[in-house]
J.: 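Pasting in a structure now, in structure tokens, and then I'll have a few things to ask.
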Number of protein chains: 2
Amino acid sequence: MYVHIKIALRLTQNEKYFIFDLPMKKKYVLKDIAKLAGVSIGTVDRVIHNRGRVSAESEKRVKAAIKELHYVPNPVAQSLKNNKVHQIRILLPDPSIDPYWVPCEHGIHEIKDEFKAFDLDIELSYFDPVKVNSFKEAGEAILDQKPDSLLFVPLFEKESVLLMEKLKNSNTLTSTFNSPSNSGVHQFIGQNLFLSGRVAAKLACDHLPSEANVGILHLDESFNNALHMQEKEKGFRAYFEENCPTSKLYTHTWDSSRSKYHLEKLQNDSLVYDILFVTNSKIHPVAMAVHELGLKTKLIGYDLLKENVVCLKEGRIDFLIHQAPKTQASLSLKNVIEHLLFKKPLPETVLLPIEIINSENVDSYL
Amino acid sequence: MYVHIKIALRLTQNEKYFIFDLPMKKKYVLKDIAKLAGVSIGTVDRVIHNRGRVSAESEKRVKAAIKELHYVPNPVAQSLKNNKVHQIRILLPDPSIDPYWVPCEHGIHEIKDEFKAFDLDIELSYFDPVKVNSFKEAGEAILDQKPDSLLFVPLFEKESVLLMEKLKNSNTLTSTFNSPSNSGVHQFIGQNLFLSGRVAAKLACDHLPSEANVGILHLDESFNNALHMQEKEKGFRAYFEENCPTSKLYTHTWDSSRSKYHLEKLQNDSLVYDILFVTNSKIHPVAMAVHELGLKTKLIGYDLLKENVVCLKEGRIDFLIHQAPKTQASLSLKNVIEHLLFKKPLPETVLLPIEIINSENVDSYL
DNA sequence: TAAAATTTTGTGTACGTACACATAAAAATT
DNA sequence: AATTTTTATGTGTACGTACACAAAATTTTA
């Protein structure tokens, strides 16, 4: 195939250009298909989008031509044509109530910035992770706007199902992250929580004497999806049953701010833990309490909150598992945008790796 | 601002459409700037690309209009206009000689596929990681083609500098990964190797008695950038000096296939290692040898080669550090493509996180 | 067999940007 | 004041796709 090439050979700015042709690889376009099939561009277009009004004969020839030339539509041209402003709404637990969500906000703003040159209207709203109604109301407010896409964290399973129910007949694209749900969304981005528990257990086991006392702590349950934490516990226990059956495992549920009180009580009952596994990001109060009580308990928890990172670097926490909230949120938004703009396929499930963090590699994650 | 909206209200396919206007957010375009500044599109364009031939007065007003409306050019339209076929060449160590590079190849093919609808001509060629001349020749062959972009792994520092020297006056975009170099490329993607050594050391320390014997192994040196491995050793030793000064560290260099022989000899000299740190992906022969000799040495190494993963899962290797070769290669290619197509900025350095892998989280990385 | 209805096909324009070329305005020369 | 030269500005077309509408070809009905 030959392509039009322009070469500037002019010496002064008013001389004319030379234009000639050079052989060069070239992507095939609609026009090429039309020529090969002996029809017009319009007919090719109708076949591609099966909009009907095409004779069987033409359709056959166009399809053959597409196949022969391996034609793929140019997504840049498509998205240029389709010049609507895509409405994207994001519903996030309020980061000022639970700082775990702060990185999500940052990730979203990064992606917003990356695509600032495109026709996107991205709006972020928050709900209180402790109040179901807050989620419901914020969700409905968004539905009223009939957005092209909705991203949210399905902390509340029942209400998420209800939300999706109302969205059934629209063609709003839905993407979720952090918490899995059966609400029938188009996409979920997160981690395998069971496996995550196993990873924690493996790290714990490596450090333990036989017949160790092992504690599993669910802190501030009201802030979290309880299912979320239970799944981690299941994985944790499964690993221990398989690999350290002599260890004794106990589960506790308490308020993170009362960690010292609870640990002291356990100490008085002469139950001293060799290791404590905290199933969410609230490990730092525990680390402080352990330190103040002079215990030698090893600690494993979740997430790179500022306070957690400090404890990790000072050796008060042994390992953190990184759930990559920022990656989850930004990937979710990016996937949706690239689907709307460039028709990239939207993967139904993206399971991010379970990242092990210690005092030495933590900086490489920040 | 008001936008043209078409609504299909026709009952039969031959009725006409209703067309009316609805208020809606809309991105500002060249035309809007031109109108506001009271000039033509051409003048605005000349100002934006400072191509001159514009009066000071017009330039001032256009710039003010751009600022006022926060105008950002539409990169989709730009890339549609610029319909050249971008030539991208990739120079990779031959994966059939060192399997470490296999994932790079996969990553590259994934990105190639992701962008198959665009006008890109991406070609992959290989060099023998043991032969400097192979790199030189393959490099020069690529230079002759004057590609728009060149990706390569600068295994050989001196030759990489030479290659870049020859590229100096062209505007070929260069991106490298895996090995850092001072050849003046536009982009490097990789890990902080010193830190990587420290991470290994931290994992090692956690498992050690005081006064432990610690071995550092550089295997099959000819295959690798020696600097690469030395940097890891430095980090490893630095951590031990700070945190486990009582341990005794020894460095060995041998051929991975002769691991059993060397370990046996050390055993006869009654030097038994508590831990061995292998500075590259060649740890699995060591793991097999340790197993066969019945040693209880802990092992830490690099990379998720199939053989390494098997050893990890069977408990013969304790930790692997993932250098994410696939991510490195695919990110390098993706960055270059998005720069060429959409003018996204190309970050000079991307340091990927140092990922700790054990038997439980390894699957989440595959 | 002509007219009407229906199906099929082709054409033109828009999306937003870039740039060659044409034209207009201003400045410098005669 | 008439001209050339220089500088400034505007216009038209292309990129590849999508789609409304016009036009042509075919089928149905009278």
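Computed from a prediction, not measured in an experiment: that's the story for all the values here. Side-chain atoms are counted along with the backbone in the values below, which use heavy atoms only and exclude waters and symmetry mates. Sequence lines set the chain letters: A, B, ... in the order given, protein chains first and strands last, and positions in each chain run from 1.
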J.: Counting distance only, does the side-chain N/O of A/Thr176 pair as donor-acceptor with the main-chain N or O of A/Leu151 below 3.5 Å?
T.: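 Answer holds: no.
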
J.: Mark up nucleotides 12-18 of chain C, 5' to 3', with B wherever a protein heavy atom is under 4.0 angstrom from a base atom, S wherever such an atom reaches only the sugar-phosphate, and - elsewhere.
T.: --BBBBB

J.: Mind telling me whether B/Phe152 and B/Phe135 have parallel, tilted or perpendicular rings, with 30° and 60° as the class edges?
T.: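 Tilted, since the angle between the ring planes falls between 30° and 60°.
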
J.: Is there a donor-acceptor pair closer than 3.5 Å between any side-chain N or O of B/Asp32 and the backbone N or O of B/Val29?
T.: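 Answer holds: yes.
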
J.: To the nearest 0.5 Å, what is the distance between CD1 on A/Ile337 and CD1 on A/Ile88?
T.: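 These two atoms lie 4.5 Å from each other.
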
J.: Give the angle between the helix axes at the two ends of the helix from C/dT1-D/dA30 to C/dA27-D/dT4, taking five base pairs at each end and rounding to 10°.
T.: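 Between the axes fitted at each end of the helix from C/dT1-D/dA30 to C/dA27-D/dT4 lies an angle of 70°.
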
J.: In Å and rounded to the nearest 0.5 Å, what is the NZ to CG distance from A/Lys146 to A/Asn171?
T.: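 Atom-to-atom, A/Lys146:NZ and A/Asn171:CG are 10.5 Å apart.
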
J.: Check this one for me: any side-chain N or O of A/Ser58 less than 4.0 Å away from OP1 or OP2 of C/dT8?
T.: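 No, A/Ser58 has no side-chain N/O under 4.0 Å of OP1/OP2 on C/dT8.
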
J.: Could you tell me whether A/Asp121 and B/Lys27 have a side-chain N and a carboxylate O separated by less than 4.0 Å?
T.: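 Judged by the 4.0 Å cut-off on N to carboxylate O distance, A/Asp121 and B/Lys27 do not form a salt bridge.
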
J.: Supply the atom-to-atom distance A/Lys326 NZ to A/Phe177 CZ, rounded to the nearest 0.5 angstrom.
T.: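 Going from the NZ atom of A/Lys326 to the CZ atom of A/Phe177 covers 13.5 Å.
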
J.: A/Arg46 has an atom CZ; how far is it from atom P of D/dC21, in whole Å?
T.: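 So the two atoms are 14 Å apart, to the nearest Å.
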
J.: Ignoring hydrogens and geometry beyond distance, is a side-chain donor-acceptor pair present between B/Tyr28 and B/Glu68 at under 3.5 Å?
T.: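 B/Glu68 and B/Tyr28 do not have a side-chain donor-acceptor pair below 3.5 Å.
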
J.: Is the shortest side-chain N/O distance from A/Thr43 to OP1 or OP2 of C/dG10 below 4.0 Å?
T.: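 The answer is yes; a side-chain N or O of A/Thr43 sits under 4.0 Å from OP1 or OP2.
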
J.: How would you label the contact of B/Val39 with the nucleic acid (heavy atoms, under 4.0 Å): base, sugar-phosphate, or nothing?
T.: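 Since only primed, P, OP1 and OP2 atoms lie under 4.0 Å of B/Val39, the category is sugar-phosphate.
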
